[in-house]
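Shown next, in structure tokens, is the structure this report addresses.
Both ligands and their constituent atoms are indexed starting at 1 by order of listing. Since the model is a prediction, treat every value here as computed from it, not as a measurement. In this chain, residues are counted from 1 in sequence order. Atoms considered below: every heavy atom in the structure, side chains included; atoms not considered: hydrogens, waters and symmetry mates.
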Amino acid sequence: MKRPDDWTILKLLQWTTTYFKEHDIESARIDAELLLAFALGLERIDLYLRYDQPLNPDELTRFRTMVKRRVAREPVAYILGAKEFWELEMAVGPEVLIPRPETECLVEAVLDFLKNENGPEAPRFLDLGTGSGAIAMALARSCPTARVVALDRSCAALALADRNRRRHHLEDRVDLVAGDWLAPFSDTRARFDVVVSNPPYISSGQIDGLQPEIVRYEPRAALDGGPDGLDCLALIIGAAPALLSPGGAVFLEIGHDQFPAVQRLAHESGVYRDVACRPDYSGMDRVACLVRH
Ligand code: GLN
């Protein structure tokens with residue numbers, strides 16, 4: 001028999017939402033739902049059909065542990081160990097940046113470029129700093145004939161990217177390479193149609209001012225782009241042309257105010273014929289596209 005003081009799904013959602021709000025967590029209700037659904041092994045939508053269902057002690061303990069982690073401002077994606085990107089579920093952990101919706105604009109820009117340029121039958125992509133492998137998997141999934149090389153210097157990140165590669169059955173078309181930016185290719189004749197990257201592009205001094213979720217939990221190496229945030233962007237813009245086939249392009253995710261600097265860097269290198277920028281869903285400059293002569 002149900003006692004009136006039982007913690008039902010509805011009561012827990014209400015309590016947790018208030019508790020999260022008190023701790024300045026913006027998406028309080030959604031986070032409560034995501035965590036509770038996960039603790040119960042349900043889809044979020046199922047919660048609504050079971051509002052009166054009480055939790056058993058095990059479920060309650062599991063949920064409490066997750067609530068504590070969230071109140072310490074750990075991102076939901078790390079607690080769940082997963083984040084959706086490009087409609088693919090990606091395994092994530094503290095060793096990689098959580099894939100962001102804005103980064104889907106980068107994937108979109110690459111796909112549009114191939115379509116408009118009448119790109120090669122079987123395009124070759126290089127994803128620099130692949131992290132969870134989100135960009136690499138999204139591109140491989142969207143271009144069934146493409147081959148992707150995904151590189152990261154962190155072996156922990158590559159292990160996670162490998163999990164995502166297997167999860168989405170892309171082992172035969174996505175190669176994972178350990179290395180520092182373009183160094184592994186310096187002695188090779190490898191050529192790519194597109195080099196893509198969401199590199200660290202936040203200036204070092206700004207990182208500590210970001211949300212606690214980011215500052216405390218996401219890998220600093222995936223965020224920190226040096227004094228002006230441009231270190232990795234400059235490196236890629238300078239070195240990528242040697243690996244691009246003629247007419248190939250570099251696609252970079254950038255900060256909202258970095259496009260003028262990217263234009264300058266591209267101009268200085270003297271090897272790009274076309275430099276353009278695309279906004280993200282909130283209208284901010286987000287993706288730079290540099291086409292090689
Ligand atoms: N390429 C990965 C992503 O876009 C990781 C990016 C990074 O760590 N800066 O999610």
Aromatic ring proximity F251/F113, centre distance under 6.0 Å:
yes

Close N or O approach (D127, ligand 1; < 3.5 Å)
no

What atoms of ligand 1 come closer than 4.0 angstrom to any heavy atom of T103?
4 (O)

Enumerated ligand 1 atoms positioned under 4.0 Å from heavy atoms of I135:
1 (N), 4 (O)

Check: E89 main-chain N/O paired with H168 side-chain donor or acceptor under 3.5 Å
yes

Give a yes or no answer on whether the side chain of D180 reaches the backbone of A183 with a donor-acceptor pair at less than 3.5 Å.
no

Closest approach of L97 to P219 (non-hydrogen atoms, all atoms of both residues)
N-CG, 3.8 Å

For L151 and P184 the tightest heavy-atom approach is CD1-CG, 3.4 Å

Write out the residue and atom name of the closest protein heavy atom to [atom], then the distance separating them to 0.1 Å.
atom: atom 10 (O) of ligand 1; value: P99 CA, 3.8 Å
atom: atom 6 (C) of ligand 1; value: N198 O, 3.1 Å
atom: atom 8 (O) of ligand 1; value: A222 CB, 3.1 Å

Is T130 touching ligand 1 with its side chain, its backbone, both, or neither, if touching means heavy atoms under 4.0 Å apart?
backbone

What distance separates I25 CD1 from Q211 CD, expressed to the nearest 0.5 Å?
11.5 Å

Touching ligand 1 at all, G129? Heavy atoms, strictly under 4.0 Å?
yes

